[in-house]
Every structure is written in C-alpha cells, then in structure tokens.
Amino acid sequence: MLDDLVPISAHHPLIIAGPCSAESEDQVLGCARQLAGGGVHIFRAGVWKPRTHPGGFEGMGATALPWMQQAKACSGMPVATEVATPEHVVAALDGGIDVLWLGARTTANPFAVQQVADSIAAHRRTDVAVLVKNPVAPDVELWLGALQRLHRAGVRRLAAVHRGFATTACGSIYRNDPQWQIPIELKRRCPALPVLVDPSHMAGRRHLVPELAQQALDMGFDGLMVECHPDPDRALSDAAQQITPHALLALLNRLTVRTATSSGEQQLALLRSLIDQCDDDLLQALSRRMQVVRQIGQLKREAAMPIVQTHRYDQVLLHRMARAEALGLPPEFVRQIFQLVHQEAVAQQLH
Ligand code: PEP
Ligand code: MN
C-alpha cells in the first residue's frame with residue numbers, strides 16, 4: 001500500500017525541530033538561527049494551534065507566516081506547519097510553507113482530512129510534502145485512512161509521524177503512550193512510507209525526550225520531530241516538553257544511528273526494542289502494584305490486622321495461574337513469579 005511515494009527529503013534519519021508554536025518574530029528567528037547548521041533538516045512551528053480547551057493560546061495565525069519565511073531565509077531550512085482546514089492550507093501554501101502536517105486531532109476526523117486533501121488538490125499543490133500524525137486513539141486504520149485520502153488527492157510526498165496515543169492508564173510516565181506496535185504495523189503494511197517519531201508529544205516531559213528519541217532510531221524509524229524553544233519554561237504551549245535548541249543539538253550529537261542494512265538485523269533490533277518496551281511496562285506495573293501494597297499495609301496497621309492472610313494469598317495464586325493459562329503462559333512459571341511478588345509485598349508491609 002502507498003508504494004509509489006516520493007521521498008520527502010534525502011536525509012536519513014530526517015530531523016525536524018522547532019517550537020511547538022510560533023509565538024513572536026524574535027522567538028521564531030532566534031530558534032531557527034540556533035538550529036541552523038546543527039543537523040536539523042526541517043524547521044517546524046505551529047501557526048494555528050489545536051488546543052483541547054478554548055481560551056488558551058491558539059497560535060498567532062497568518063501573522064506568523066512571514067516569520068516562517070524569514071526563518072527559512074536565515075537558516076536555509078525548509079519550514080513546516082500544521083494545517084487543519086482548507087483556509088489554513090491556502091494561507092500556508094501561499095505563505096511559502098514547504099511541509100504541511102496534520103495534527104493528531106485532525107487525523108482522527110475523516111471529514112477534516114478530506115477537506116485538507118481536496119484543498120491541496122484544488123490549489124494544484126500536490127507536490128507539497130505532507131506529514132500525517134497518528135490519530136489520538138491507537139487506530140491504525142484511521143491513520144492509514146488519512147494517508148490514503150491525501151494519496152488519492154495526488155500527494156506523493158507523504159510521511160507518518162508517530163506521537164503516541166492518549167492513555168487513560170494511570171501511572172503511565174508518558175503524556176501519550178508509545179504503543180510501538182501500532183506504527184510498526186503501519187510500516188509493515190506500507191514499507192515505502194517513511195515513519196518519523198515525535199518524542200516530545202509522547203514524553204510530555206523534557207527529561208524523557210532523549211531516551212524516546214534513541215529508542216525510535218534503534219527501532220529503525222526514519223527520523224524525529226522534536227519540539228524546542230529558546231526559553232522552554234516560558235513557552236505559550238507545551239512548555240514542559242520543550243528543550244532548548246542547545247539541548248537538542250547535544251541530543252542529536254549523542255544519538256546513535258544504526259546503519260545495518262540487512263533486514264535480519266533490522267528485524268532483530270525492532271523486536272528487541274519491543275522487548276525493552278514490554279519490560280518497561282512490567283516494571284511500571286510492579287511499581288504501581290507495590291504502591292497499592294504499601295497503602296494496604298497502612299490500613300492493616302491502623303486496623304491492627306495481620307499482614308499475611310493466607311486465604312487471600314491462595315486466591316491470588318489460583319486466579320493468576322488460571323489467567324496465565326488463558327494467556328498461554330505456563331501456570332507454574334507464573335506461580336513462582338507471584339510467590340516472589342507476594343514475598344516482597346509482605347516485606348514492604350512490614351516496614
Ligand atoms: C504539535 O506538533 O505541536 C501538535 C499539536 O501535535 P499533536 O497533533 O501531535 O498533538
Ligand atoms: Mn506541541
């Protein structure tokens with residue numbers, strides 16, 4: 001599927017960076033100047049911002065388009081911005097934007113995607129590069145559907161951007177859960193489609209960005225879109241996840257790029273990264289479980305109840321073993337794991 005695409009850039013991995021939002025001429029130009037020549041290939045900034053709640057900073061709109069032109073002139077980088085409506089498309093294309101992207105909230109809405117695709121075609125600009133972020137929910141069909149709508153309209157310079165999925169799981173350390181199996185499935189179905197990763201919206205917090213960026217490259221994704229801002233704490237949107245241009249360039253210098261080309265090695269790297277992700281999920285679940293264990297310990301102490309209650313312990317082991325069987329895991333293996341978990345839980349409640 002989507003096998004007649006034209007590359008959006010010659011760079012591999014492709015690095016796109018810039019602020020979440022274009023806030024002022026100084027901020028846009030300052031950021032672009034600091035990034036120029038440092039391994040960033042496309043400069044990004046949101047001109048129209050889709051905000052969850054009304055009343056927040058919704059972007060500077062068309063006022064910011066000339067700043068993007070200046071950023072392009074002073075840095076030599078092509079410029080990218082988000083579009084969500086036909087009006088945005090026309091203003092962005094007429095305003096010299098080189099790369100358009102559809103945001104997560106837009107990809108989730110086929111009517112909006114169709115309107116954007118139609119307006120690119122009506123403007124006779126199907127030569128423009130378009131990036132499609134994943135929809136908010138982990139639905140590979142909706143993501144693919146958006147790419148197909150643009151493809152049908154005649155756009156061939158397409159790429160996907162994986163920015164993680166909204167999660168209700170409490171205790172997740174990420175703002176948007178990576179769920180790597182979804183972009184991997186997209187890549188499996190469309191081997192010719194470049195899939196980039198946006199570690200910023202995935203992380204939500206800047207200290208998690210480098211690790212996710214490295215994981216993305218380790219898995220063999222085709223590039224990164226990273227948010228950076230000259231003064232991140234004062235950013236008008238997504239302050240917590242933005243890093244300084246200086247930190248971004250340092251991050252890029254530290255990244256290791258895997259160059260192995262044999263598909264066996266790539267496959268192995270991809271699967272190992274999935275294992276790493278599973279282990280991380282296990283550790284996070286264990287940590288959440290022990291937090292609950294300590295709360296129960298407190299309750300038992302206050303109510304003068306004994307810590308070890310063998311009836312409950314028996315029930316837990318039996319239930320977990322039955323569940324293991326249903327999941328295709330050896331019950332004895334799972335019994336041993338839960339014995340260890342119970343042993344540690346008792347130790348935690350004794351403290
Ligand atoms: C953005 O890139 O600034 C943005 C709004 O991203 P997303 O659509 O992934 O939330
Ligand atoms: Mn953002």
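Note that ligands are numbered from 1 as they come in the structure, with each ligand's atoms numbered from 1 the same way.
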How many degrees, to 10°, between E227 OE2 and D238 OD2 as seen from the Mn ion (ligand 2)? 130°
Under 4.0 Å to a heavy atom of G103 - the qualifying atoms of ligand 1, by number: 8 (O)
Do any nitrogen or oxygen atoms of R44 lie less than 3.5 angstrom from nitrogen or oxygen atoms of ligand 1? yes
Would you say the side-chain atoms of Q348 pair up with the backbone N or O of V293, donor to acceptor, closer than 3.5 Å? no
Pick from V99, V130, L158, L131: which one makes a side-chain contact (heavy atoms from CB on, under 4.5 Å) with I8? L131
For atom 6 (O) of ligand 1, which candidate among K133, E227, R163, M225 holds the nearest heavy atom? K133
Could you find the nearest protein heavy atom to atom 4 (C) of ligand 1 and give me its residue, atom name and distance? H201 NE2, 3.4 Å
Could you list which atoms of ligand 1 come closer than 4.0 Å to a heavy atom of C20? 3 (O)
Can we say K187 and D222 salt-bridge, meaning some charged N sits less than 4.0 Å from an Asp/Glu carboxylate O? yes
Determine, for K49 against D238, whether the closest basic-nitrogen to carboxylate-oxygen distance falls under 4.0 angstrom. no
From I337 CD1 over to L317 CG, what is the distance, rounded to the nearest 0.5 angstrom? 12.0 Å
To the nearest 0.1 Å, how far is atom 8 (O) of ligand 1 from its closest protein heavy atom, and which atom is that? A104 N, 2.8 Å
Enumerated ligand 1 atoms positioned under 4.0 Å from heavy atoms of K49: 1 (C), 3 (O), 5 (C)
The test is salt bridge (Lys or Arg N to Asp or Glu O under 4.0 Å); show your working for E227 and R44 and say whether it passes. CA-CA 8 Å; E227 284 190 342; R44 64 148 281 159; 3.3 Å; yes
